[in-house]
K.L.:
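Sharing a structure, written as structure tokens. Questions coming.
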Amino acid sequence: MFESKSGVLLIGGLGFFLFAFLSNAVVPILLYRHLPEQSVEQLVENNQNLMYQFEDLYVRYPETFKKYYGEPTQEAAAEALRLGRQVYIGEGCWHCHSQFVRPVSNESDRWGKVAFSEEYQNELQRPVMFGTRRVGPDLSREGGRRGNDWHAVHFFDPPLVSPNSPMPKYTWFYDGLSFDALLARLEQQDPKLLETLKAELGDDLAAKRAEVVAQLQARRPELAAELEASPDAPNKRGLAIITYVQWLGSWLEQYPDYENYVPLDEEMENPLE
Amino acid sequence: MTVSANQAGDIPPVEIPDGELVEERLVLWYFYAALAYLFISMAGGLMMALQLVEWNPLQGSEYLSPGRWRMIHTNAVAYGFIANAFLGALHWAVPRLTLRPVASRRLSYFIFDAWQIVVLSTAVGILFGHAQGIEWGETPTWIDPLALAGLALVAFNFMVPIAKTTGPLYVTLWYFMAAFVWTFLTYAMGNFMPEYYVPGSSGGAIAGLFIHDLVGLFVTPLAWGLMYYFVPILLKKPIWSHGLSLVGFWGLAFFYPLNGIHHFLYTPIPMFLQYGAVVATIAVEMVVTTVIINFFATIWGSTRQLVTNLPIRWFYSGMVLYFVTCAQCAMQVTLTFQKLIHFTDWVVGHAHLVMFGVFRVWFFGMMTYLFPRLLRAPWYSRTLCEWHYWLSIGGITVMFIDLGLAGMFQGYYWASLRPWDESVIGSQPFWMIRLFSGLAIIAGQITFVYNLFMTWRLSRKAPAWSTALATA
């Protein structure tokens, strides 16, 4: 039996595989059958925290928001969440970030409530995004910890807000600034240059787009580059991934969750406490 | 050509016309394809290594995103290198063991083409951001049914000659037969259930089974089957103990599939299932020990071959590293260890040790043995073969130790509740060493490919040697 074809195929091949499948896969399915899978629409409903962030995106980035999502409705939020999940998977974020807080290694001090089953019984966690590697921190309680503008800059160029960050840049989450917005930006940042340009090219700069861009490329190249991609213009994917990140943990009572961190020198002032 | 049937019990030697049994050209093609994907994979690994030390020069393009290339890195190794190398080796070993050709030669070529399409479209799909959210199963969802059909065809093609044999089967064939069933079931389970049917923690349990079964029920049995085939042939003596081979096979068949959940310890998956997976994992380590003992008892008395016989050296180095991997496994699977090392580079080191240090090392052994036979020319340079060996083994050893240490540091950084950046900064020296150990490995593979190219040129220059190949 142990060396025959039927033994190997039926007992080893099929039998043991099925045994493992029943005990390791079917058992948890049965244990969690009282927790039905929630759709994205159900997740968005009554989630004030998420809708607040979504509206905030609308206020901050009205141009691109209107272009890609229209008004900040619940349907639009659901659409953004679905796309956000796709981006999260497609970009491999889940290979550098986990989404579960373990009950050990002081993780609940850093990230808050330990992960529990109900959190994962929804469409956005199919396949579940537990993750197996943390180059960056766990994200399951990320919602609300940072502002949308922080995220927008961070995805555009992580070291800008987080020095030494090895996280890749995601410039393709952004559109370019419109020419008008660029001029407005110039007026804010460098009114002198704007004056000079007006003196050289005439008052109606909008009509002399090519010349203005050429001048800017020479004198303020980082500003000219924002015509290509700007952290102030997150596109459909950019808005989606920010929404997704803000959703994580937004269902918890303890929201937003800031880590329990005391700087070392402060800790050392009263070392016995 | 007369094939002696020393592998197949008491069947008398059979007369088989030259070139009828093994489709040698196909074996070659598979090996070439495998090497091509190996380089694609290494490019992905290199990019991620550069990203981590902030030296990545290729920022800003979505198609060069390190996150995507990391997935290409793992998938190109699993489905590009390992699967192709297996198919090549199986096309060599199965007909020789069964003394019968595969079911259909045309089917073989069809599978070859189909599989390259599957792997290439996987890479392209991932590159365009269509990855599926299952580790080691990032193959975009629309490719999954094709891949599954391909696996069924592979099983059919090889099962036909196996089914026709009579009498007791040799160990290798147990492993192969079981692997054909397991690979198909594993692929179907892992790619469809967590994607379409099972959300959340229980889906995670299945994804864990998938990660583990892919290594344990697809790669491991095929690879050990090939070791049971090549080692006795090269050493010219039988395996030490048939009884231990039985223990090894059946122990693996029973315990390995029960391990999956150990990839997600301390998750909301029910705790008693996590304990079960931990215990089963430690059991696997016991089983592995019996297999290792069997192989080392086999070479006992011929240990000189470890110096002189390069394929044997590759095989046994892989076995030592396999033992290290599994010993590591039995430790790191305990919940005590998990607290510290889960999520860290320790696990990355472990994965590299098993995928490169064991399986790829075995394949390099097989390739070192088979290329001269397939090309009908001796290796162009034995020295380059040695360089390939030492760069690969040296590189992976350094990488493994380095990442293991990095993992422990990261674990303590995190538990200390210091800001996250400190763990990243603290990892830099380790990441730097990893980059250079990776470069050593890449250099080793370049010497190998160069050596192969020169050998191929030699084979073209000696027409008398290569006519047999051309007409085959």
Side-chain angles (χ1 to χ4, degrees), chain A residues 2-5 8-9 12-14 16-17 19-21 23-25 27-29 31-32 37 89-96 98 100 102-106 109-110 115-117 120-123 125-130 132-137 162-166 168-169 171-172 260-261, chain B residues 51-52 54 59-60 62 65-68 70-71 129-131 133-135 163 168-169 174 177-178 181-182 185 189 194-195 198-207 209 246 250 253-254 257-258 260-261 263-264 266-270 273 339-340 343 347-348 414-415 417 419-421 424-425:
Chain A
F2 291 128
E3 296 173 57
S4 72
K5 284 171 211 150
V8 169
L9 286 174
L14 271 181
F16 289 170
F17 187 91
F19 174 67
F21 181 70
S23 57
N24 282 261
V27 167
I29 292 176
L31 282 173
Y32 292 135
E37 178 182 321
I89 293 175
E91 298 293 351
C93 311
W94 51 299
H95 288 303
C96 277
S98 60
F100 70 100
R102 303 185 301 162
V104 292
S105 288
N106 298 329
D109 281 344
R110 195 189 279 276
F116 52 100
S117 312
Y120 298 94
Q121 295 297 106
N122 61 61
E123 192 187 326
Q125 292 289 356
R126 176 163 53 77
V128 72
M129 285 290 111
F130 282 156
T132 52
R133 174 80 178 93
R134 284 177 186 156
V135 178
S162 183
N164 299 312
S165 172
K169 296 176 186 168
T171 40
W172 51 96
N260 195 351
Y261 163 66
Chain B
Q51 174 68 36
L52 288 178
E54 292 162 60
Q59 306 253 9
E62 126 169 55
S65 161
R68 297 184 191 178
R70 182 210 181 276
M71 297 190 267
H130 299 293
I134 293 168
E135 194 162 5
L169 289 172
W174 316 337
M177 279 172 27
V181 180
W182 286 331
L185 292 177
M189 170 187 76
E195 178 74 30
V198 191
S201 306
S202 22
I206 298 177
L209 287 181
L246 272 169
W250 285 99
F254 184 74
L258 296 170
I261 291 179
H263 289 264
F264 293 119
Y266 288 122
T267 54
I269 295 173
L273 292 175
K339 281 183 205 166
L340 183 67
F343 291 129
V347 185
V348 180
W414 299 344
L417 293 181
W420 192 267
D421 317 10
V424 172
I425 295 168

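Quick note on labels: first sequence line is chain A, next is B, and so on, each numbered from 1. Here the structure is a predicted model, which is why all the values come from computation and not from measurement.
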K.L.:
Does any backbone or side-chain atom of L246(B) lie under 4.5 Å from a heavy atom of chain A? Answer side chain, backbone, both or neither.
P.N.:
side chain
K.L.:
Measuring heavy-atom distances to chain B, does I29(A) have an atom under 4.5 Å in its side chain, in its backbone, in both, or in neither?
P.N.:
both
K.L.:
Quick one: of P137(A), S98(A), G136(A), who has the most non-hydrogen atom pairs under 4.5 Å with chain B?
P.N.:
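The answer is P137(A).
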K.L.:
Quick check for you: among P163(A), S4(A), G12(A), S162(A), which has the greatest number of heavy-atom pairs under 4.5 Å with chain B?
P.N.:
G12(A)
K.L.:
Measure L52(B) against the heavy atoms of chain A and call it side chain, backbone, both or neither at under 4.5 Å.
P.N.:
both
K.L.:
Under a 4.5 Å heavy-atom cut-off, does chain B meet the side chain of S105(A), its backbone, both or neither?
P.N.:
both
K.L.:
Heavy-atom distances under 4.5 Å only: say whether M177(B) touches chain A with side chain, backbone, both or neither.
P.N.:
both
K.L.:
What about the rings of W250(B) and F2(A), do their centers lie closer together than 6.0 Å?
P.N.:
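Yes, they do, as the ring centres are separated by less than 6.0 Å.
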K.L.:
Highest number of heavy-atom pairs under 4.5 Å with chain A: which of G260(B), A131(B), A205(B), P270(B)?
P.N.:
P270(B)
K.L.:
With chain A, which of A415(B), A253(B), G133(B), G129(B) has the greatest number of heavy-atom pairs at distances under 4.5 Å?
P.N.:
G133(B)
K.L.:
At a heavy-atom distance under 4.5 Å, which candidate from P28(A), S165(A), P127(A), G90(A) has the highest pair count against chain B?
P.N.:
P127(A)
K.L.:
Can you name the residues that form a ring pair (Phe, Tyr, Trp, His ring centres under 6.0 Å) with W420(B), not counting sequence neighbours?
P.N.:
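Per chain and number, W420(B) pairs via ring pair (Phe, Tyr, Trp, His ring centres under 6.0 Å) with W111(A), W414(B).
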K.L.:
When only pairs under 4.5 Å are counted, which of L340(B), D421(B), V198(B) shares the most heavy-atom pairs with chain A?
P.N.:
V198(B)
K.L.:
Among V104(A), L9(A), T171(A), single out the residue with the greatest number of heavy-atom pairs under 4.5 Å to chain B.
P.N.:
V104(A)
K.L.:
Kindly compute the distance separating CZ (F21(A)) from CG (L14(A)), expressed to the nearest 0.5 Å.
P.N.:
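The CG atom of L14(A) is 13.0 Å from CZ of F21(A), to the nearest 0.5 Å.
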K.L.:
Pick whichever of P194(B), G67(B), G204(B) has the most heavy-atom pairs under 4.5 Å with chain A.
P.N.:
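Among the listed options, the one with the most contacts to chain A is P194(B).
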K.L.:
In terms of side-chain geometry, is the basic nitrogen of E195(B) or R126(A) positioned less than 4.0 Å from the acidic oxygen of its partner?
P.N.:
no
K.L.:
Looking at K339(B), is its backbone amide N or carbonyl O close enough to the side chain of R102(A) to form a donor-acceptor pair, meaning the two atoms are under 3.5 Å apart?
P.N.:
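Checking the backbone N and O of K339(B) against the side chain of R102(A), a donor-acceptor pair under 3.5 Å is found.
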K.L.:
Ring centroids only, cut at 6.0 angstrom: are F100(A) and F343(B) within range, meaning strictly under it?
P.N.:
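Ring-ring flag for F100(A)/F343(B): true, centres closer than 6.0 Å.
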K.L.:
Go through the atoms of C96(A) and report whether side chain, backbone, both or neither lie under 4.5 Å from a heavy atom of chain B.
P.N.:
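Side chain of C96(A) only, per the 4.5 Å heavy-atom cut-off to chain B.
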K.L.:
So which residue, E37(A), H95(A), E91(A), ends up with the most heavy-atom pairs under 4.5 Å with chain B?
P.N.:
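The answer is H95(A).
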K.L.:
Looking at G13(A), A20(A), G92(A), which makes the most heavy-atom pairs under 4.5 Å with chain B?
P.N.:
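Looking at each of G13(A), A20(A), G92(A) in turn, G13(A) comes out on top.
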K.L.:
Which one, P257(B), S201(B), G203(B), leads in non-hydrogen pairs under 4.5 Å with chain A?
P.N.:
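Heavy-atom pairs under 4.5 Å are most numerous for S201(B).
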K.L.:
Enter the distance from I269(B):CD1 to L31(A):CG here, rounded to the nearest 0.5 Å.
P.N.:
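Nearest 0.5 Å value for the CD1-CG distance: 11.5 Å.
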K.L.:
For L185(B), which atoms come within 4.5 Å of any heavy atom of chain A: side chain, backbone, both, or neither?
P.N.:
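Both parts, heavy atoms under 4.5 Å.
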K.L.:
Decide yes or no for M129(A) and I89(A): does some side-chain heavy atom of the first lie under 4.5 Å from some side-chain heavy atom of the second?
P.N.:
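Touching, per the 4.5 Å side-chain cut-off.
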K.L.:
Using the salt bridge (Lys or Arg N to Asp or Glu O under 4.0 Å) criterion, which residues pair with E62(B)? Sequence neighbours excluded.
P.N.:
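E62(B): salt bridge (Lys or Arg N to Asp or Glu O under 4.0 Å) contacts with R237(A), R68(B).
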K.L.:
For F19(A) and F254(B), take the angle between the two ring planes, folded into 0 to 90°, and tell me which bin it lands in: parallel under 30, tilted 30 to 60, perpendicular over 60.
P.N.:
parallel
K.L.:
For the CG atom of L209(B) and the CG atom of N24(A), what is their distance to the nearest 0.5 Å?
P.N.:
5.0 Å
